[in-house]
Amino acid sequence: MAAFKAPKGTKDVLPEQSYQWQFLEARIREIVKKYGFLEARTPVIEHTELFLRGVGETTDIVQKEMYTFLDKGERSITLKPEGTAGIVRMFVENNLFADAQPTKMYYLYSPTFRYERPQAGRLREHHQFGVEFFGSSKPTADAECIAVASELLTSLGCDGLTVRLNSIGCPACRPHYHEALKAYLREHYDGLCETCKVRLETNPLRVLDCKVPSCQEIANGAPAIGDHLCGECREHQAALLELLDGMGIRYEIDPRLVRGLDYYTKTVFEITSENIGSQSAVCGGGRYDGLVEEIGGPHTPGVGFGLGMERLLLVLENTGMQIEKPVRYDLYIVSMGQEAEKRAFLLASELRKSGAKVEIDHVGRSVKAQMKYADKIGARHVLVLGGDELANGEAKIKRMSDGTETNTALNAEHILKNIV
RNA sequence: GUGGGUAUAGCUCAGUUGGUUAGAGUGCCUGGUUGUGGCCCAGGAGGUCGUGGGUUCAAAUCCCACUACUCACCCCA
């Protein structure tokens, strides 16, 4: 039993598996570049107040899931529980709204913390890739965000995924809907679960996706947001759907999709997988036209999403997708004796200057053991360096895939030619 | 926060109605070549049986508590 363990809900990425993350990150950068999103990096910690305002005081995230503490200067600090609030703070603090709009940013491997009970696909620290698109109220912005997520997932060959979307209205129409919904829920008050009785007043939308059967039944008969959208919201959604259709992106309209963050307006969407257990959302996002103002900036529309990288990796794993392991070594130099050991080291040093990936013996193994080790670590070629080779200035290079040997002079230039 | 499951070698797991030095596979190290990988064979190292208590002549095994892991609720990436 190890003396120390990683804190509950955190996960190490072992050296043997980091290539998977690097592959994902490279693929993401490739895609995002085509749309002109630029990478932004914000602190892991923010003032707690930012999330109270941004995410919303009545949300579960704020009420029970944040890692909040007082620093030595008595400031209340919180480990970021989601990606958007920090980006918005940066947008406002640096007056990015004063630039020509839109402002298109993404973040990658952004550590995100929520104090929850871990389970399949749910950690206390996970990492998000996300995109934020500021300064456009047009549905083309929503569509680009969804396109980025969708392109990433399809380029990886993921299947079993569903894009679900909905509109939850805007300040013009949502209050009317809230009233209609509250009125309806009050009529069915006795049938609601205890949390929903509270939610009815604080955040009635959330009652719609309550999983308690009795609440679901009531929710099924509730007035639908779709029927209460104002003209603008209606048109916005129709235009977005048209763009998605045009791109051939399949989606489902889910009138019960509401999401747990308060800042969303109009478009909300999720991409869920049927292969990763009950925590099925791989990607979630939407439009947040009031958020920049809420954080103290000028009115600026925005839309974006967060995508859970651990969950994405889970999808790939569970659907049998293999990420190709990169070649670690082009050449392993087996050495026998002190002279050869020294020579192997210097030869490796020369070869590395030319970009070759080279390894030598560092633990004093026998020749046979060095061969075995070279095979195990996936060296593509092996060169044996002993008394004969040192004397002749020549050696054989063995290609491990088929065992063929070629002669080479003992200098970097010649060796390089034989290990390509 | 609530509920279920699990905990034995680095890893995946056996372990009989409670019985003497706790096993397998795999991985690791060594040997079968005097200087050559994969397959095969032989040997070796490696275990406070999650922790603490209890029952018993005797506990990996039965009982209790705790902890960790895990799955689900909730919520979400």
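The structure displayed is predicted, hence computed values, not measured ones. Below, chain A is the first sequence line, B the second, and so on; all start at residue 1.
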* **Spacing of Asp375(A) atom CG relative to G38(B) atom C1', expressed in whole Å** => 5 Å
* To do: Sticking with atom P, work out how far A22(B) lies from U48(B), rounded to a whole angstrom.
  => 12 Å
* Phosphate-side-chain proximity, Arg117(A) and C75(B), N/O vs OP1/OP2 below 4.0 Å -> no
* Nearest-angstrom distance, C1' atom, A24(B) to A9(B) -> 11 Å
* Provide the Watson-Crick or G-U wobble partner of U61(B), both distances under 3.5 Å; none if there is no partner. => none
* Asked: With respect to the phosphate group of C75(B), does any side-chain polar atom (N or O) of Gln279(A) fall under 4.0 Å of OP1 or OP2?
  -> no
* Can a donor-acceptor pair under 3.5 Å be found between the side-chain atoms of Lys368(A) and the base atoms of G37(B)? -> no
* Structure fact -> From the candidates G32(B), G35(B), A77(B), the one with an atom nearest any side-chain atom of Leu261(A) is A77(B)
* Asked: Does OP1 or OP2 of C28(B) have a side-chain N or O of Lys376(A) closer than 4.0 Å?
  -> yes
* To do: Could you let me know what A7(B) is paired to, Watson-Crick or G-U wobble, both distances under 3.5 Å, or none if it's on its own?
  => U67(B)
* Could you tell me whether the phosphate oxygens of A77(B), OP1 or OP2, come under 4.0 Å of any side-chain nitrogen or oxygen in Arg259(A)? => yes
* To the nearest angstrom, how far is Ile333(A) atom CD1 from G35(B) atom C1'? -> 16 Å
* **Counter-base of A72(B), judged by Watson-Crick or G-U geometry with both distances under 3.5 Å** => U2(B)
* Just how far, in rounded Å, is C1' of C76(B) from CZ of Arg256(A)? -> 17 Å
* First of Gly284(A) and Ala120(A) reached from the 5' end of RNA chain B, by closest nucleotide -> Ala120(A)
* Would Arg164(A) count as a cation-pi partner of Tyr251(A), with NZ or CZ less than 6.0 Å from the six-membered ring centre and within 45° of the ring normal? -> no
* Under a 3.5 Å cut-off for both distances, is A42(B) Watson-Crick or wobble paired, and to whom? -> U30(B)
* Would you say C73(B) has OP1 or OP2 under 4.0 Å from some side-chain N or O of Arg122(A)? -> no
* To do: Select one nucleotide: of C75(B), G35(B), A77(B), the one nearest the side-chain heavy atoms of Arg206(A).
  => C75(B)
* Asked: Is the distance from OP1 or OP2 of C69(B) to the nearest side-chain N or O of Lys8(A) less than 4.0 Å?
  -> yes
* Specify the separation, in whole Å, of atom CG of Leu24(A) and atom P of A77(B). => 18 Å
* Asked: Any side-chain N or O of Ser278(A) under 4.0 Å from OP1/OP2 of C71(B)?
  -> no
* Asked: For the pair made of CZ in Phe305(A) and C1' in C76(B), what is the distance, rounded to whole Å?
  -> 16 Å
* To do: Measure the acute angle between the ring planes of Tyr109(A) and His127(A), then classify it against the limits of 30° and 60° as parallel, tilted or perpendicular.
  => parallel
* **Interatomic distance at P, C41(B) relative to A59(B), whole Å** => 39 Å
* To do: Can you tell me the pairing partner of G47(B) across any strand shown, Watson-Crick or G-U wobble, with both distances under 3.5 angstrom?
  => none
* Without hydrogens or angle criteria, can the side chains of Tyr35(A) and Glu151(A) be said to hold a donor-acceptor pair below 3.5 Å? -> yes
* Regarding Asp361(A) and Ser335(A), is there a side-chain donor-to-acceptor distance under 3.5 Å anywhere? -> no
* Asked: Nearest nucleotide by nearest heavy atom, which residue falls closer to the 5' end of RNA chain B, Cys283(A) or Met371(A)?
  -> Met371(A)
* To do: Could you work out the separation of U55(B) and C63(B) based on their P atoms and round it to a whole Å?
  => 15 Å
* Measure the distance from CZ on Phe51(A) to P on C75(B) and round it to the nearest whole Å. => 21 Å
* Decide whether Arg27(A) and Ser155(A) meet the rule of one side-chain donor and one side-chain acceptor closer than 3.5 Å. => yes
* Does A77(B) have a Watson-Crick or wobble mate here (both distances under 3.5 Å), and if so which one? -> none
* To do: May I ask you to verify if any side-chain N or O of Gln119(A) is less than 4.0 angstrom from the OP1 or OP2 atom of A72(B)?
  => yes
* Does any nucleotide pair with U16(B) by Watson-Crick or G-U wobble geometry, both distances under 3.5 Å, and what is it? -> none
* **Partner nucleotide, any strand, of G37(B) [Watson-Crick/G-U, under 3.5 Å]** => none
* Phe305(A) vs Phe269(A) aromatic rings, parallel, tilted or perpendicular, using cut-offs 30° and 60°? -> perpendicular
* Asked: Would you say the side chains of Arg256(A) and Asn220(A) form a donor-acceptor pair under 3.5 Å?
  -> yes
* To do: Please confirm whether any donor atom in the side chain of Glu389(A) sits under 3.5 Å from an acceptor in the base of G35(B), or the reverse.
  => yes
